[in-house]
2 protein chains.
Amino acid sequence: MLWRVDPRDPEPLYAQIAGVVRRALGEGTLHPGDRLPSGKDLAKSLDVNLHTVLRAYQELRDEGLIELRRGRGAVVIASGSGVSRLGAMVDELISQAERLGISREELVRMINEEEADA
Amino acid sequence: MLWRVDPRDPEPLYAQIAGVVRRALGEGTLHPGDRLPSGKDLAKSLDVNLHTVLRAYQELRDEGLIELRRGRGAVVIASGSGVSRLGAMVDELISQAERLGISREELVRMINEEEADA
DNA sequence: ACCTATTTGTCCGTATGTATG
DNA sequence: CCATACATACGGACAAATAGG
């Protein structure tokens, strides 16, 4: 897997780990359906704690890049610029709007009123 | 503060904590500018670990409900900030969609077809 | 300018729970 | 039933930012 992280880098380790996975997705060395190493294995190979890896994985899951399930591991569900990521963003947007008491009609209006290059 | 969580509830403790804060915001017992108890204090009063409280706070921060800064604590964000954050999310979404060659009409359809609960 | 206390951020380790295969 | 793998929670340690004296 030859991934590396640097403990002296001011960027947090979990962010570095998420970064190398994102890069692998972008470069095409990871494809939809591929399984990422188990947290335990990757932690050992990077010489970091299991939690640090799992935190990185959860970040990637929140971004809609991987699916994370107990007993199964982490599976790539989209490329870095995929449509399912857009779906995740739509979900987040809707949740946020609901928290603010903003209806979908208003949300749609916001989108349509946004300038093309904005 | 009289907040309570239940360790036997299947809902994770950090989610319960985030929930009671959200409810306090919704009920108007917390207002923009108000400072939440420090993680240490709330952890003690709820009889949970400090990290559990901080995880709840970070979730609320990710939702745009509070601002979280070292040394200062957790402060309820002004409602206007929440809306402007929503605007930023809309911009991101539009950019991402354009990158994928997805039209705004299609974006709007995605939003309207999303399940109501999210 | 300095020092100290406070508070969140990260990381480690351990234990236990839960879903999957 | 058993092994694997993520999820949650606890605890401890140290770092970094902030606030106040």
Side-chain angles (χ1 to χ4, degrees), chain A residues 1 3-22 25 30 33-78 88, chain B residues 1 3-22 25 30 33-78 81:
Chain A
M1 210 47 93
W3 287 340
R4 288 282 183 286
V5 292
D6 179 7
R8 296 161 309 174
D9 192 316
E11 185 179 21
L13 288 174
Y14 72 87
Q16 292 182 49
I17 296 171
V20 297
V21 175
R22 269 189 226 103
L25 286 166
L30 273 177
D34 284 354
R35 190 181 172 286
L36 269 57
S38 78
K40 192 178 162 190
D41 288 349
L42 185 53
K44 182 152 199 170
S45 112
L46 295 178
D47 195 29
V48 300
N49 190 271
L50 165 64
H51 295 318
T52 305
V53 173
L54 292 185
R55 183 168 178 183
Y57 280 6
Q58 287 171 8
E59 185 172 292
L60 295 167
R61 179 197 54 192
D62 291 344
E63 293 171 2
L65 296 178
I66 66 176
E67 185 185 13
L68 219 46
R69 297 183 63 178
R70 289 170 173 164
R72 257 214 321 175
V75 178
V76 179
I77 59 177
Chain B
M1 221 27 110
W3 287 341
R4 289 282 183 287
V5 291
D6 179 6
R8 297 160 311 174
D9 192 316
E11 185 179 22
L13 289 173
Y14 73 86
Q16 292 182 48
I17 297 171
V20 297
V21 174
R22 269 189 226 105
L25 286 166
L30 273 178
D34 285 354
R35 189 180 174 285
L36 269 57
S38 78
K40 191 178 162 191
D41 288 349
L42 185 53
K44 182 151 198 171
S45 112
L46 294 178
D47 195 29
V48 300
N49 190 271
L50 163 65
H51 295 121
T52 305
V53 174
L54 293 185
R55 181 167 177 182
Y57 280 5
Q58 286 172 7
E59 184 172 293
L60 295 167
R61 179 198 52 192
D62 291 343
E63 292 170 2
L65 294 178
I66 66 176
E67 185 186 16
L68 219 46
R69 301 185 60 176
R70 289 172 174 165
R72 180 137 35 128
V75 178
V76 179
I77 262 175
S81 306

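Residue numbers begin at 1 in each chain, while the letters A, B, ... track the order of the sequences.
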field: Donor-acceptor under 3.5 Å (Gln16(B) side chain, Glu11(B) main chain)
entry: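 Indeed, once roles are kept as given, a pair shorter than 3.5 Å links the two residues.
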Qualifying residue for side chain to side chain contact (heavy atoms under 4.5 Å, CB included) with Leu65(A), from Ile77(A), Val76(A), Leu60(A):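 Of Ile77(A), Val76(A), Leu60(A), side chain to side chain contact (heavy atoms under 4.5 Å, CB included) with Leu65(A) is met by Leu60(A) alone.
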Grab the [atom1]-[atom2] distance between [X] and [N] for me, whole Å please.
X	N	atom1	atom2	value
Leu42(B)	dA9(D)	CG	P	14 Å
Leu54(A)	dG13(C)	CG	C1'	14 Å
Glu67(A)	dA19(C)	CD	C1'	13 Å
Leu36(B)	dT7(C)	CG	P	13 Å
Arg61(B)	dT8(C)	CZ	P	11 Å
Arg69(A)	dT20(C)	CZ	P	5 Å
Leu13(B)	dA7(D)	CG	C1'	12 Å
Glu59(B)	dA9(D)	CD	P	11 Å

Atom pairs, protein N/O to nucleotides 19-21 of chain D N/O, distance under 3.5 Å:
unit_1: dA19(D); atom_1: OP1; unit_2: Arg72(B); atom_2: NE; d: 3.2

Phosphate oxygens OP1/OP2 of [N]: is one of them under 4.0 Å from a side-chain N or O of [X]?
X	N	answer
Arg55(B)	dT8(D)	yes
Thr52(A)	dC12(C)	yes
Tyr14(A)	dT10(C)	yes
Gln58(B)	dG9(C)	yes
Asn49(B)	dA9(D)	no
Arg35(A)	dA5(D)	yes
Arg70(B)	dT18(D)	no

message: Counting only heavy atoms from other residues, nucleotides and ligands, does the tally under 6.0 Å from CG of Asp47(B) exceed 12?
response: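 No, CG of Asp47(B) has 12 or fewer neighbouring heavy atoms, counting only those of other groups under 6.0 Å.
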field: Which nucleotide in dC10(D), dT10(C), dT7(C) has an atom nearest any side-chain atom of Ser38(B)
entry: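 The answer is dT7(C).
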query: So which nucleotide from dT20(C), dG13(C), dT8(C) ends up closest to the side chain of Leu68(B)?
result: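 Nearest to the side chain of Leu68(B) among the choices is dT8(C).
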Quick check: closest heavy atoms across [X] and [Y], and the distance to 0.1 Å?
X	Y	answer
Leu42(A)	Trp3(A)	CD1-CE3, 3.9 Å
Arg61(B)	Leu68(B)	CD-CB, 4.0 Å
Ala56(B)	Ala18(B)	CB-N, 3.8 Å

message: So for His51(A) and dA7(D), does any side-chain atom that can act as donor or acceptor lie under 3.5 Å from a complementary atom in the base?
response: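 Checked by distance alone, the answer is no.
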Sugar-phosphate only, base, or nothing, as touched by Leu50(A) at under 4.0 Å among non-hydrogen atoms: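 The residue Leu50(A) makes no contact with any strand.
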Reported CG-to-CD1 distance for the pair Leu30(B) and Ile66(B), which is rounded to 0.5 angstrom: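 Reported value, rounded in 0.5 Å steps: 10.0 Å.
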N-O pairing of Glu67(A) and Arg35(A) below 4.0 Å: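 Result for this pair is no, no salt bridge flagged.
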